[in-house]
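This structure is a prediction, so every number in the text was calculated from the model and none was measured.
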Amino acid sequence: MSAEGHDPLPLASHPYRFLGSYRFALALLVLTSHASEFLGPAIAGLSLGNVGVFLFFMISGAVICEALDIFYRDSPRRFLINRALKIFPAYWSAVALYYVLLVTLDAPGVETALWPILVNFSLLLSYLPAGNNLLIIEIAWAVVVECQFYLIAAVLYFIARRTKTPGIVLFAGGVAALGGYLFVHATGGYTRFYGGFRFAPYFVLGSALYYAFVRHDAKAALLAVAAAILALHSYLIYALQTPAGGLPLEASAYEPSKLLSTALFVVGVVVFLWLFPRQFPQSAERFDKRLGDFTYAIYLIHPLVIVVALYLGIAALAGGGGAYLFTLFVSFILAVAIARGVERPVMRLRNRFRGQRLYD
């Protein structure tokens, strides 16, 4: 998407993206959605988890392109290694905690045979038919989708940087990804090996917005418009649980809660558009960064805390609001422990692969 012949942006011109608090808020939306049984059907009907996850995908599109455009321009391999160092240490610690607590609580459905354990700790084996539905952290499906697009982006950049027109190659890749989304939707191939393209509009939207904002690329701006339209279409399809081929025509299919959920998604996109290019006081950056540091761990660990809350009967003891606050508080405490005890030490190694120390 970026114009051909552009040199990499100098590190000195690479601003801090004030998205830590935004990502933290998205993680809380996912937590609130999963804990909605403590809060009532009105909250459950908003599908806040969809809002949070799909906006996460959009952010990832922008982050992936910025990383490959600046820090890993000459080595997509280092990009993939750094992403693995971000994804797996926290994930492994969360999986281990899940197994320990769920086996201790004798929770139903916990598979302790060798293959399920291998699938869980490898994460990516869950992509295979034999590994499907074996993840002990069920919401880690979104992490698998992220990994797919990390790999696609790295391969695309590897090819683009070896051509005379890298911008055209990247633009074509974005168009092809949107085409993949349309194909998946038209055929209903959501569970096929290419089914991850049902989420392509979110990643393409974030990627195109990065090039539109940072590189001022007109082609990227046009691609962002197309991706935004398809992202809205994708969100409605997902929210309404629409079969392949199109949106339902019956007015009764459009429940107010689903439309409100879609409106919240649109608001989230607008907030991202406002945040991404803006600079904030340096004094606020550290706080924003720290909130962002806790986001991934909160996402991974909160379903386990909900199980524990149900096991302990917290709702009966403290009411639905008390059970929700218990989930929120304990999830945050465990997330801080994982961020400080696991992710922070790995950050030094990630900085080495990146070749630059970022905000920490």
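Hydrophobic clustering (ILVMFWY, side-chain heavy atoms < 4.5 Å, transitive): Trp92 and Leu300 are in one cluster. No single ILVMFWY cluster, assembled from side-chain heavy atoms under 4.5 Å apart, contains both Leu105 and Leu317. Hydrophobic cluster membership differs between Leu222 and Met58, with clusters built from Ile, Leu, Val, Met, Phe, Trp and Tyr side chains linked at under 4.5 angstrom. In the hydrophobic clustering of ILVMFWY residues, with side-chain heavy atoms under 4.5 Å counting as a link, Leu260 and Ile237 come out together. Clustering ILVMFWY residues whenever any of their side-chain heavy atoms sit less than 4.5 angstrom apart, transitively, puts Leu334 in the very cluster that holds Phe329.
Taking the ring axis of Phe158 as reference, the NZ or CZ atom of Arg162 stays within 45° of it and closer than 6.0 Å to the ring centre. The side-chain tip of Arg23 does not point at the ring of Phe56 from less than 6.0 angstrom away and within 45° of straight on.
Under the side chain to side chain donor-acceptor pair (under 3.5 Å) criterion, Tyr324 pairs with Thr32, not counting sequence neighbours. The side chain to side chain donor-acceptor pair (under 3.5 Å) test applied to Ser60 returns Glu146, not counting sequence neighbours.
Ile59 has its side chain within reach of Tyr22: a pair of non-hydrogen atoms, C-beta onward, lies under 4.5 Å apart. Side-chain contact between Pro201 and Leu178 is present, with heavy atoms from C-beta onward closer than 4.5 Å. Counting heavy atoms from C-beta outward, Phe88 and Val346 have side chains that stay 4.5 Å or more apart. Side-chain contact between Val271 and Leu55 is absent, with no heavy atoms from C-beta onward closer than 4.5 Å. Side-chain contact between Phe276 and Leu209 is absent, with no heavy-atom pair separated by less than 4.5 Å. Residues Glu111 and Val119 form no side-chain contact, since every pair of their non-hydrogen atoms from C-beta on lies 4.5 Å or further apart. Between Val155 and Leu151 there is a side-chain heavy-atom pair separated by less than 4.5 Å. For the pair Leu182/Leu230, a side-chain contact is recorded, criterion being any heavy-atom separation below 4.5 Å from C-beta on.
In this structure, CG in Leu156 is found 9.5 Å from CZ in Arg161, a value given to the nearest 0.5 Å. Going from atom CZ of Arg290 over to atom CZ of Phe24 covers 14.0 Å, rounded to the nearest 0.5 Å. Between the CD1 atom in Ile137 and the OH atom in Tyr99 there is a gap of 9.5 Å [rounded to 0.5 Å]. Separation of atoms CG (Leu28) and CG (Leu48) is listed at 11.0 Å; rounding is to 0.5 Å. Annotation: the span from Ile301 atom CD1 to Ile333 atom CD1 amounts to 13.0 Å, rounded to 0.5 Å. To the nearest 0.5 Å, atoms NZ (Lys219) and CD1 (Ile168) are separated by 5.0 Å.
In this structure, Tyr296 contributes its side chain and Lys86 its backbone to no donor-acceptor pair below 3.5 Å. When atom types are taken as modelled, the side chain of His34 and the backbone of Leu31 share no donor-acceptor pair closer than 3.5 angstrom. With Arg78 contributing its side chain and Phe71 its backbone, the two residues share a donor-acceptor pair below 3.5 Å. Of the possible polar contacts, none joining the Ser33 side chain to the Val30 backbone as a donor-acceptor pair under 3.5 Å is found. No side-chain donor-acceptor contact under 3.5 Å links Ser331 to the backbone of Leu328. Distance alone, capped at 3.5 Å, places no donor-acceptor pair between the Ser75 side chain and the Tyr72 backbone. Remark: side-chain polar atoms of Thr104 are paired, donor with acceptor, to backbone N or O of Val100 under 3.5 angstrom. Judged by distance alone, the side chain of Tyr150 and the main-chain N or O of Leu80 form no donor-acceptor pair under 3.5 Å. Counting only distance, with no hydrogens or angles, the side chain of Tyr202 and the backbone of Gly61 share no donor-acceptor pair below 3.5 Å.
Closest approach of Thr295 to Gly20, counting heavy atoms only: OG1-O, 4.2 Å. Annotation for Thr327 and Ala309: closest pair OG1-CB, 4.2 Å, computed over non-hydrogen atoms. Pairing each heavy atom of Thr163 with each of Pro166, the nearest pair is OG1-N, 3.5 Å. The minimum heavy-atom distance linking Ala154 with Pro76 is given by the pair O-CB, 3.5 Å. Nearest heavy-atom pair across Phe149 and Ala200 is CZ-CA, 3.8 Å. Taking both residues in full, the closest heavy atoms of Phe171 and Leu223 are given as CE1-CB, 4.0 Å, listed atom of the first, atom of the second, then distance.
Applying the ring-ring contact (aromatic ring centres under 6.0 Å, His included) rule to pairs touching residues 223-256 yields Phe54-Tyr235, Phe54-Tyr238, Tyr181-His233, His185-His233, Tyr235-Phe265, sequence neighbours excluded.
Phe183 and Tyr194 have their aromatic ring centers within a separation under 6.0 angstrom.
Side-chain contact check for Asn120 and Tyr98: no donor-acceptor pair (N or O, by modelled atom type) lies under 3.5 Å.
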* To do: Before giving the answer on side-chain contact (heavy atoms from CB on, under 4.5 Å), spell out for Val143 and Tyr91 the whole-Å C-alpha distance, their side-chain angles and the decisive distance to 0.1 Å.
  => CA-CA 10 Å; Val143 183; Tyr91 172 75; 5.8 Å; no
* Could you please spell out the steps behind the side-chain contact (heavy atoms from CB on, under 4.5 Å) verdict for Trp141 and Ser126? => CA-CA 8 Å; Trp141 68 266; Ser126 66; over 6 Å; no
* To do: Dump the intermediate steps for side-chain contact (heavy atoms from CB on, under 4.5 Å) on Phe280 and Leu275, then the final yes or no.
  => CA-CA 9 Å; Phe280 290 83; Leu275 279 174; 3.8 Å; yes
* To do: Go through Leu170 and Tyr211 one step at a time and tell me if the side-chain contact (heavy atoms from CB on, under 4.5 Å) criterion holds.
  => CA-CA 10 Å; Leu170 295 177; Tyr211 278 108; 3.6 Å; yes
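By the 6.0 Å contact criterion, CD on Gln279 is enclosed, its count of non-hydrogen atoms from other residues, nucleotides or ligands being greater than 12. The number of heavy-atom neighbours closer than 6.0 Å to OH of Tyr311, taken from other residues, nucleotides and ligands shown, is 12 or below.
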